[in-house]
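A note on names: the letters A, B, ... follow the listed sequences, proteins ahead of strands, and every chain is numbered from 1.
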Amino acid sequence: MKIATFNVNGINGRLQVLLRWLENAQPDVVCLQELKAPDERFPIREIEKAGYGAIWQGQKSWNGVAILARGREPIATRRGLPGDPTDGQSRFIEAAVAGLVIACLYLPNGNPVPGPKFDYKLRWFRRLTDYAAELLALDVPVVLAGDYNVMPTELDVYKPERWIDDALFRPEVREAFRVLADQGWTDALRTLHPGERIYTFWDYFRDAWGRNAGLRLDHFLLSPAVADRLVAAHVDRAVRGWYRASDHAPVWIELSDKAWPTRGLGSASSAASASVPRREARPQ
DNA sequence: ATGTCACGTCTAACGTGA
């Protein structure tokens, strides 16, 4: 089972990029952020034609999130992050898909620092952390996927000293990510690729893509039961180089169909998962 | 400060957010 997250940066302006990637990558579930379209302008016809059911929470001009599921309809379980009924920004949507709770989130950028946008980011992070604790307490398999607008560590930035005062890298924001993860969530990409430089975003400015001046902003946090099924995690970097690309690349994880141990028999997982060492073969 | 995108608007250069 392949689950992806992709900040599309305008679902209508980049629909051809999205459809081309869906066709190539064939993800089972997709979390999208930055639709930049109101509900009535979500391109459901084209998405369905590509073989996906969808739920979405749009907004004029900014934000907007959606969850797609190949060959099935996601069951919406929540729209909007709890904790502030006055928050009108479309940054959170959650669905039940194939026995998993999938939360799709778009954390506020927070620049400039200091200011009301940064305060909003920190408040939003606290609300997410409170809600994530509730989800963990339910003891159901949960995936928290999306654009967190945080580089968790110095390894996640091409040049950390340049970003020290930016809302994406401020110590209190990194701390907020750490506090959230330490509840018991597994950072999928970092867990499978410790010590590796991995980026998911390259600015449009100053040929950031050409220079590989990237940031790791898009993350998968997995509840313990899901983490036990994790077999692969990657960034579809090439998509960032496509014509009219988003400034983010799609990120995906592969989960085994059953909980461990399967010893490679009976699991109908893809070649991607077969190429990854089995859990019991991995060095501890 | 700059750079480059998308979106929206009093449809053609801006303002805004990232």
Side-chain angles (χ1 to χ4, degrees), chain A residues 5-21 31-44 46-47 56-66 81 87-92 104-125 128 145-152 156-170 172-174 176-177 199-219 235-251:
Chain A
T5 183
F6 186 16
N7 179 323
V8 283
N9 190 9
I11 193 166
N12 289 303
R14 304 197 195 278
L15 187 57
Q16 295 317 309
V17 170
L18 174 64
L19 294 175
R20 179 181 167 194
W21 169 71
C31 295
L32 297 176
Q33 303 87 33
E34 282 210 83
L35 304 179
K36 294 186 172 179
D39 282 339
E40 63 273 19
R41 293 213 55 220
F42 185 83
I44 184 61
E46 290 86 346
I47 300 278
W56 60 95
Q57 188 79 7
Q59 185 181 332
K60 192 165 103 175
S61 303
W62 297 304
N63 311 316
V65 284
L81 186 63
D87 183 358
Q89 300 191 24
S90 296
R91 296 181 174 276
F92 188 93
C104 170
L105 63 101
Y106 175 47
L107 219 128
N109 175 296
N111 279 304
V113 184
K117 290 185 178 179
F118 190 62
D119 297 340
Y120 174 62
K121 178 175 197 168
L122 293 178
R123 283 201 311 277
W124 209 94
F125 227 134
L128 176 62
D147 178 359
Y148 286 69
N149 267 316
V150 185
M151 299 86 94
D156 304 311
V157 198
Y158 66 98
K159 198 173 275 196
E161 63 276 15
R162 281 269 178 89
W163 289 85
I164 204 76
D165 286 324
D166 191 281
L168 308 192
F169 198 54
R170 289 277 299 188
E172 54 268 58
V173 176
R174 276 182 273 167
F177 184 87
Y199 303 137
T200 68
F201 165 93
W202 296 261
D203 212 310
Y204 290 120
F205 299 166
R206 303 179 223 87
D207 190 30
W209 169 242
R211 297 182 297 121
N212 194 28
L215 309 172
R216 189 170 75 101
L217 302 180
D218 303 274
H219 308 299
V235 180
D236 279 340
R237 284 176 56 99
V239 177
R240 179 61 181 83
W242 288 0
Y243 176 65
R244 288 171 66 85
S246 168
D247 41 5
H248 294 250
V251 186

Next on the checklist: I want to know whether Tyr199(A) and Tyr158(A) have ring centres closer than 6.0 Å.
Outcome noted: no

Checklist entry - Using a cut-off of less than 4.0 Å, is there contact between a side-chain N or O of Arg206(A) and OP1 or OP2 of dT4(B)? => result no

Item to check | Rounded distance in Å between the P positions of dG17(B) and dA12(B) | outcome: 25 Å

Item to check | Value in whole Å for how far the C1' atom of dG8(B) lies from CD of Glu34(A) | outcome: 15 Å

Next on the checklist: Heavy-atom nearest nucleotide on DNA chain B for Asn111(A) versus Asp203(A): which residue maps closer to 5'?
Outcome noted: Asp203(A)

Next on the checklist: Under 3.5 Å, is there a donor on one side chain and an acceptor on the other for Asn111(A) and Asp166(A)?
Outcome noted: yes

Checklist entry - Side chain of Arg244(A): nearest nucleotide among dA18(B), dA6(B), dT9(B)? => result dA6(B)

Next on the checklist: What is the distance, to the nearest angstrom, from the CZ atom on Arg41(A) to the C1' atom on dA6(B)?
Outcome noted: 12 Å

Checklist entry - Whole-Å distance between dC5(B) P and Trp202(A) CH2? => result 16 Å

Item to check | Pairwise C1' distance, dA18(B) and dG3(B) [rounded to whole Å] | outcome: 13 Å

Checklist entry - Please give, in whole Å, the distance from dC7(B) C1' to Glu40(A) CD? => result 14 Å

Next on the checklist: Could you tell me how far dC10(B) sits from dG15(B) if I compare only their P atoms? Round to whole Å.
Outcome noted: 14 Å

Item to check | Side-chain donor-acceptor pair present, Asn212(A), Trp202(A), cut-off under 3.5 Å | outcome: yes

Checklist outcome for this item: Of Tyr204(A) and Pro108(A), the one whose nearest nucleotide on DNA chain B sits closer to the 5' end is Tyr204(A)

Checklist entry - Does the side chain of Lys36(A) get closer than 4.0 angstrom to OP1 or OP2 of dT16(B) through an N or O atom? => result no

Checklist outcome for this item: The side chain to side chain donor-acceptor pair (under 3.5 Å) partner of Gln33(A) among Thr5(A), Asn63(A), Asn149(A) is Thr5(A)

Checklist entry - Could you give the CH2-to-P distance, from Trp209(A) to dC5(B), as a whole number of Å? => result 14 Å

Checklist entry - How close or far is atom P of dC5(B) from atom CG of Asp207(A), stated in whole angstroms? => result 10 Å

Checklist entry - Can Ser246(A) and Asn9(A) be counted as having a side-chain donor-acceptor contact under 3.5 angstrom? => result no

Checklist entry - Arg14(A) CZ to dC7(B) P: how many Å, rounded? => result 7 Å

Item to check | Whole-Å distance separating the CG atom of Asn63(A) from the P atom of dC7(B) | outcome: 13 Å

